[in-house]
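Structure first, commentary second.
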Amino acid sequence: MDGKEFHDWSLRAAEWGAAYRASLRDRPVRPPMNPGAIFDSIEASPPEHPQPMEAIFADFEEKIVPGMTHWQHPRFFAYFPANAAPVSVVAEYLVSAMAAQCMLWQTSPAATELETRTVDWMRQALGLPEGFAGVIQDSASSATLAAVLTMREKALDWQGNGKGLAGQPAVRIYASDQVHTSIDRAIWVAGIGEANLVRIPTKGRWRAMDTQALEAAIAADRAAGLLPAGIVACVGGTSTGGTDDIAATAEVARRHGLYLHVDAAWAGSAMICPEFRHFWTGIERADSIVFNPHKWLGAQFDCSIQFLRDPASHVRTLAIKPDYLKTHGHDGIVNYSEWSVPLGRRFRALKLWFLLRAHGLENLRQMIRNHVAWSEALAARLAREPDFEIVTEPMLSLFSFRHRTPAEADSDAHNLSLVNAINDDGRIYLTQTKVEGRVAIRFQAGQFEATEADVAGAFDVITEIARRTA
Ligand SMILES: *Cc1c(COP(=O)(O)O)cnc(C)c1O
């Protein structure tokens, strides 16, 4: 592709992107599924000779787009949002064009310094105290892995990276059963082993870790010669928004000298609104906090911020510093590759900077307040229908419900087929989960461009299809 073609196709791509966004309301949220059809439509062998861009682009429009699930669709109520506000997409076009490798300060000073600044903007926006530093990771999973590695190294007096775990006492990590599966994987990858992830029972409306049980488990492990290392707490768990009591958990961590990592990947965005901060009272006592601006806030994937109270122990765990990466003569500068597992890093701060400036915190707060209020209104409406039950109350904008069946034994199968029927219908998109072993349907409102009517309209789709399916 020569310079002229690059210019023309870039414009064409931008025009396509804008038209695509404008067309979303007319598309089914999830494509009608027929596994293998797209795979079969792609040539089995790579081309030997160049093909014209017109043909490539036509195939993209014909074969690929109809098979996409539209995550920016205003009636996407499944999983959690992965909002990419248009302004953050524009920033990503620019980042793509520059295609810089931002691993060290000197490999892109602006990327590093803008990252330091925007992460501190977010610290202030969330009401976290001064003293928390931070880094933009690719995902919450990476941040959690880094936190688990730091717990491990601190507990092993920094011997794990060098000597391995053989011959060491078993490192123990504590979490409830409401935490995301990225915690399990971090434990596996860190070599700690699933058997050493101690599940603490939960209680109360928000399904929080029972901190007495937590304390008892830590004491029992110590007495047995095991090595308690850290606690992973969650604010807004993925299944139903399960939320730990951070203040009480932090107190246990302090008493036992354990590292506390808080996973607020989804709910963290809501903490730009002071009235929701009661969900993480005590957060200033955490050692590490992860939240994803790439979920609710609108910074295009990937953009996950990890805040750290003591970056020194985090960097001591992760930094390698081979000779060819040393940036001599610039003491005191930050090399963010030492703060993460991957070496290479994209320029992720630009989209956050564009987003925060173009919308302003006040508009972003309003968006989140709307989503919470609309979701609560929908839950209240469903609760008034005799054939529906609310299974978990709204935690911010997430709740779960069930369509009642005459016999409880039929409930799981019925609600699963209901979710499938709703998603095949295409007007809205939902996902299911399990609550105390039984299927429940999740609903979350969080789309950047959703309106009150989009959320309220879900009521009609859900009740209509449920009564037809029953
Ligand atoms: C989405 C989510 C994750 C995983 O986030 P990635 O950035 O995709 O790794 C972890 N924890 C919670 C609570 C989440 O909602």
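Counting convention: from 1, in listed order, for ligands and their atoms alike. Predicted model only: the values in this text are computed from it and were never measured. Computation of the quantities below employed the complete heavy-atom set of this structure, encompassing side-chain atoms and omitting hydrogens, waters and symmetry-equivalent molecules.
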Candidate pair E275 and R365, rule side chain to side chain contact (heavy atoms under 4.5 Å, CB included), full reasoning: CA-CA 10 Å; E275 70 270 31; R365 286 189 196 105; over 6 Å; no
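Ligand-side atoms of ligand 1 in range of T238: 12 (C), 13 (C), 14 (C), 15 (O), range being under 4.0 angstrom from any heavy atom. Listed by number with element, the atoms of ligand 1 under 4.0 Å from a non-hydrogen atom of F80 are 15 (O). Less than 4.0 angstrom separates some heavy atom of G236 from each of these atoms of ligand 1: 13 (C). If you number the atoms of ligand 1 from 1 as listed, the ones under 4.0 Å from a heavy atom of H294 come out as 7 (O). Heavy-atom proximity to H180, at under 4.0 Å, picks out these atoms of ligand 1: 2 (C), 3 (C), 4 (C), 10 (C), 11 (N), 12 (C), 14 (C). Close contacts between ligand 1 and N292 involve ligand atoms 5 (O), 6 (P), 7 (O) [criterion: under 4.0 Å to a heavy atom].
Residues meeting the side-chain hydrogen bond (donor to acceptor under 3.5 Å, both in side chains) test with D454, sequence neighbours left out: R25, T451. Residues passing the salt bridge (Lys or Arg N to Asp or Glu O under 4.0 Å) test with D425 are R427, sequence neighbours excluded.
Here's the thing with K295: one of its N/O atoms is less than 3.5 angstrom from an N/O atom of ligand 1. In terms of polar-atom proximity, defined here as any N/O pair under 3.5 Å, S182 makes no such contact with ligand 1.
Defined by atom type and a distance below 3.5 Å, a donor-acceptor pair is present between the side-chain atoms of E215 and H256.
For N335 (side chain) and S337 (main-chain N/O), no donor-acceptor pair under 3.5 Å exists by modelled atom type. Panel note: side chain D245, backbone A248; a donor-acceptor pair is recorded below 3.5 Å. A donor-acceptor contact shorter than 3.5 Å links the side chain of R309 to the backbone of R285.
What sits closest to atom 6 (P) of ligand 1 on the protein, heavy atoms only, is A140 N, 3.5 Å. Protein heavy atom closest to atom 9 (O) of ligand 1, with residue, atom name and distance, is S141 OG, 2.6 Å. Of the protein's non-hydrogen atoms, the one nearest atom 11 (N) of ligand 1 is D263 OD2, 2.6 Å.
Ion pairing between D302 and K351 holds under the 4.0 Å rule for side-chain N and carboxylate O.
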